[in-house]
K.L.:
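Next up is a structure, given as C-alpha cells.
Since this is a predicted model, take the numbers as computed values, not measurements. Reminder, nothing fancy here: chain letters follow the sequence lines and each chain counts from 1.
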There are 2 protein chains.
Amino acid sequence: MVWKVGYSMANIQEVAKKAGVSVATVSRVLNHHPSVTPKTRVKVENAIRELNYEPSMLGRNLRNSESRLLLVLIPSISNPFYTEIINGIQTTAIKHRYNILLCETNSDSRRENIFFNMVKNKLADGIISMDPTINRQKLTELAEHHSVILCSEYMEDGSIPYVTIDNERAAYQAVKHLIILGKKKVALINSDERFLYARQRRRGYEKALMEFGLPITDAFIYNTNELNFHDGVQAMRMLLRTVEKPTAVFAVSDTLAIGALKEINASGLKAPEDIAVVGFDNISFSNMSNPTLTTIAQPMYKMGATAATMLINQIQNKQVESIVLEHELIIRESTMG
Amino acid sequence: MVWKVGYSMANIQEVAKKAGVSVATVSRVLNHHPSVTPKTRVKVENAIRELNYEPSMLGRNLRNSESRLLLVLIPSISNPFYTEIINGIQTTAIKHRYNILLCETNSDSRRENIFFNMVKNKLADGIISMDPTINRQKLTELAEHHSVILCSEYMEDGSIPYVTIDNERAAYQAVKHLIILGKKKVALINSDERFLYARQRRRGYEKALMEFGLPITDAFIYNTNELNFHDGVQAMRMLLRTVEKPTAVFAVSDTLAIGALKEINASGLKAPEDIAVVGFDNISFSNMSNPTLTTIAQPMYKMGATAATMLINQIQNKQVESIVLEHELIIRESTMG
DNA sequence: CGATTGTTTGTAATCGATTACAAATTTGTT
DNA sequence: AACAAATTTGTAATCGATTACAAACAATCG
C-alpha cells in the first residue's frame, strides 16, 4: 500500500491549465455561475472529467467559512430512542443540501469538546444536541456565537432554542390511564432526576395521583442510574419487595419497562392482570415484547425534522422559536391484556 | 440572533499581534515546537487565552492535508448490532488521537458519495465500512488511493483489507447445536443472499445438515428482505404453514429470531420444546426476550478495535493484513429451556 | 573584541478554493 | 467602421494555518 504515498487529487489549477482557462473560470463552472459561455463550460467540464477532479472541501470551506455539515450529538448510539429522530434530521438536512454527522459522546466531556471545536473551527455549521448529560455551561457559551438547537432535552432558561414534548402532561396521561383501569397502587420507575425530563415526568406522575386522591408513596418511586434493561429489572425487583406491592408501574423509558416486564414474569406474576406497565418512547422493541408494551409515543421523526429546520434557519440567521410537539398514548397488551 | 452575523474567532494573526511576535512563533507554540523560549511561550499563551483563540482546523488541515477524522459507514443506526463495534472503533481511535464520525447511509448511494468525497477531499483521513449494501465498484476505486477498511462484511477478492468472523463455521455450529439437541427438522431464516455473510451462513447450515445425513429442504429456507422483527414474524409464519413443520429454526440475526419467537408464541407453540431457536449477533435485547435467545456472539468490540487499528495503520502507510476473529455460541433458554 | 557557533524568531511561500475588480472580448448602434 | 455597452474571462487578494529558509540574537572562545 506504500504506493498510496504522494497521491493527490488534481486541483483547480491543473484543471484550469488543461482546459486552457483561468482558475476563476473553473470555479465559476463549479458553482454554476451564469456568466460562462457554453463553449468554455464544456471545455472545463471535459478537463474535470479527464482529470477526475473533485473540488477540495477544505479549500472551499476555508474560503467560504461554511461546511454544510451539521453535527448531531447523542450520548449513545445504542439507545433506540434516537433512531427515528435522526432519520428526521437527516432527511430534512439533505433536503436543504446539508449533511449530518453523528457524534456519540458517551457522556464524555472530552469528546464533547472535540465536537464543539469542530463548530468553532467551521468544520461544521451547527449542532443539534440530544445529550441530556451535556455540559450546559459550555454549550451555552458555544451558542453565544454559533448555531445550536436542543432536541428532546432542553434548558429551562430558554437561552437555547429547543424542540420537545410536554413531558409532564405525557406522564400525567400515562398514569391516569393506569388509574382509570382500576390500579390504585401505581409505582414510578424514573431515571436520574438531575435530568429535566425526569423531574417533569415525576411531576406529571404526582399530579395524576393527587387528582385521584391517591397517596404519593416514596417506596413506590425508584430512581435508576441508567435507562438499561437491567436497571428496569432491578427497579421492579425492589418494588416487588415493598410491603404494599404496586399494581401498576409507569417507567420513563421502554427499556426500563421491558426490564420490569421481565421481572414481573420471572416472579410468577402476570402483566397486566397483576401489574400493568406503561413505558415511554415507543421504541421498536416495545412492540416485540411479551406482552407488547403500552407506551407514550413521541413524534420522533417530526422532532428531528423540526430540529433540523430550526438549526438551518438559525445558521441562515433567521429568527427561531422553541417548539413543543404533541405526544400520543399507545395502548397495548401490557395494560389491556 | 442576528448579532451572530460577522462574529468570527480570533485568528493566528491577531494572536501574533497581541503577543508581539510573528505568526510562525504562535504556530510553534501551538504545535509544542521545542525551539521557543519560555518567556515568549508565556506571552503567546497569554494572548491565546485573552483572545479565546482556538486554531482553525480548516486552515490547519488544508496545510497539513490531514484531518484526524475517521468515517464509519453504517447502513442504519437502528441496528443494535453496530453498537459495540462502534464502541471499539471509537475507543481505539481516541487512543491514537483520531476522532470518528458516524455516517448513516440508509443504503442510499448519494449519501455514500458524500462520505466518499469527504475522504477524497481530505475532510476525513479514512473510512471503515460496515455497510453490506455499499457500492463495491466505487469503494474499490476509493480504496485505490485512500484508506479503507471493511468490517464484518467484506469482499472476497481481498482487494480491501477486512476484519470479520468465519460466518460459515458459526452457522455450522449453531445448526449442529440444534441437531444435537435432537431436532431433525431445522429451518433457516436467512436474509438476502446477495450479501456475502448470508451465502456463507447458508453454506454452514447446509454443511451441518449434510454431516448428520439430514435432507436440505427448500421449504425450510426462507429469505427475508430486511433484518426486521416483522420479517422474522413473517418468516416464521410461512415456515409454520409448511406441511412438515420445523422443530428448530436458525435465524441469521437476533431481530429475526425474536420475531420468530414471537410468532411461535402467538401460534400457541412453545420454545424450545416445540421449536428451538438460535439467533445471530447477541444484541442486548437477545437476553431480554422471553425466552432468552441462544445466539452466536461476534467479538464486536474487538472487531471494531481491530478495524480502527488497521485503518490507522493504513493511513500511516504501514502494511495491513485482513483478520478473521473468533465467535462464540451462547446457549440460552430458546434452545435449552 | 571579533569570529564562530548555536539558538530563537521572522519573512514569505504554500495548501485549494472563491471573488472583487480589471481586462478582454463580443454585441449592438449609428 | 467607430464607439459604447454588455458580456465573458483573467489577475490577484483572501481565508488561516504550517514551515523552509533567512535573519537576528546570544553564547563561547581564543
K.L.:
When all nucleic acid strands are considered with a 4.0 Å heavy-atom cut-off, which category describes B:Asn61: base, sugar-phosphate, or nothing?
P.N.:
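The residue B:Asn61 makes no contact with any strand.
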
K.L.:
Touch check for A:Val21, heavy atoms < 4.0 angstrom, all strands: base, sugar-phosphate only, or nothing?
P.N.:
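Sugar-phosphate only.
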
K.L.:
Taking OP1 and OP2 of C:dC15, is either one under 4.0 Å from a side-chain nitrogen or oxygen of B:Asn64?
P.N.:
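So the side chain of B:Asn64 is outside the cut-off, no N or O lying under 4.0 Å from OP1 or OP2 of C:dC15.
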
K.L.:
Give a yes/no answer on whether the side chain of B:Thr25 brings an N or O atom under 4.0 Å of OP1 or OP2 in C:dG10.
P.N.:
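Affirmative; the distance criterion is met.
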
K.L.:
Whole angstroms only, please: what is the NZ-P distance between A:Lys43 and D:dG10?
P.N.:
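From A:Lys43 NZ to D:dG10 P: 7 Å.
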
K.L.:
Is it true that a side-chain atom of B:Asn46 and a backbone atom of B:Arg49 form a donor plus acceptor pair closer than 3.5 Å?
P.N.:
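Side chain of B:Asn46 to backbone of B:Arg49, a donor-acceptor pair under 3.5 Å: no, none is there.
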
K.L.:
Please give, in whole Å, the distance from C:dA17 C1' to B:Leu62 CG?
P.N.:
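Result: 8 Å.
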
K.L.:
Closest nucleotide of DNA chain C for A:Leu30 versus for B:Arg63: which of these residues is on the 5' side?
P.N.:
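Checking each residue's closest nucleotide, the 5'-ward one belongs to B:Arg63.
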
K.L.:
Could you tell me how far apart B:Leu123 (CG) and C:dC15 (P) are, to the nearest whole angstrom?
P.N.:
18 Å

K.L.:
If only atom types and distance count, is the side chain of B:Glu112 paired as donor or acceptor with the main-chain N or O of B:Asn135 below 3.5 Å?
P.N.:
yes

K.L.:
Measure from the side-chain N and O atoms of B:Asn106 to the backbone N and O of B:Asp108, and report whether any donor-acceptor pair falls under 3.5 Å.
P.N.:
no

K.L.:
Quickly work out the B:Leu58 CG to C:dA17 C1' distance and round it to whole Å.
P.N.:
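Computing the B:Leu58:CG to C:dA17:C1' distance gives 12 Å.
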
K.L.:
Take A:Leu102 and A:Tyr82 through the side chain to side chain contact (heavy atoms under 4.5 Å, CB included) test and state the conclusion after the steps.
P.N.:
CA-CA 11 Å; A:Leu102 261 36; A:Tyr82 300 111; over 6 Å; no

K.L.:
At their closest point, which heavy atom of B:Pro75 faces which heavy atom of B:Pro132, and how far apart are they?
P.N.:
CG-CD, 4.1 Å

K.L.:
Are any of A:Ser35's side-chain N or O atoms less than 4.0 Å away from OP1 or OP2 of D:dT9?
P.N.:
no

K.L.:
In whole Å, I'd like the distance from the CZ atom of A:Arg28 to the C1' atom of C:dC21.
P.N.:
11 Å

K.L.:
If you only use heavy atoms from C-beta on, which nucleotide in D:dG16, C:dA12, D:dA12 is closest to the side chain of A:Val23?
P.N.:
D:dA12

K.L.:
Answer yes or no: does a side-chain N or O of A:Thr37 lie under 4.0 Å from OP1 or OP2 of D:dT9?
P.N.:
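Result: yes.
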
K.L.:
So which nucleotide from D:dA17, C:dT11, D:dT9 ends up closest to the side chain of A:Thr40?
P.N.:
D:dT9

K.L.:
Once you round it to whole Å, what is the distance between C1' of D:dG16 and CG of B:Leu51?
P.N.:
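It is 15 Å, rounded to the nearest whole Å.
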
K.L.:
Test side chain to side chain contact (heavy atoms under 4.5 Å, CB included) on A:Ile134 and A:Leu73 and set out the steps.
P.N.:
CA-CA 9 Å; A:Ile134 207 161; A:Leu73 257 57; 3.5 Å; yes

K.L.:
Quick one: is B:Ser56 getting a side-chain N or O under 4.0 Å of the D:dG16 phosphate, OP1 or OP2?
P.N.:
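Indeed not, no polar side-chain atom of B:Ser56 lies that close.
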
K.L.:
I want to check one thing: is the phosphate of D:dC15, taken as OP1 and OP2, less than 4.0 Å away from some side-chain N or O of B:Asn11?
P.N.:
no

K.L.:
Given C:dT18, C:dA17, D:dT19, identify the nucleotide with an atom nearest to the side chain of A:Gln13.
P.N.:
C:dA17

K.L.:
Quick test: give all pairs of protein nitrogen or oxygen and nucleotides 22-28 of chain D nitrogen or oxygen below 3.5 Å, distance rounded to 0.1 Å.
P.N.:
none

K.L.:
With distance as the sole test, does A:Thr92 use its side chain to make a donor-acceptor pair with the main-chain N or O of A:Gly88 at under 3.5 Å?
P.N.:
yes

K.L.:
Examine D:dA17: is either OP1 or OP2 under 4.0 Å from a nitrogen or oxygen in the side chain of B:Ser27? Give yes or no.
P.N.:
no

K.L.:
Is there, by distance only and without an angle test, a donor paired with an acceptor across the side chain of A:Arg60 and the base of C:dT18 below 3.5 Å?
P.N.:
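No.
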
K.L.:
Rounded to whole angstroms, how far apart are NZ on A:Lys122 and C1' on D:dA17?
P.N.:
15 Å

K.L.:
Is a side-chain N or O of B:Asn31 found less than 3.5 angstrom from the main chain of B:His33, in a donor-acceptor match?
P.N.:
no

K.L.:
Using whole Å, what does the distance between atom P of nucleotide D:dT9 and atom NE2 of A:His33 come to?
P.N.:
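For the pair A:His33 NE2 and D:dT9 P, the rounded distance is 12 Å.
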
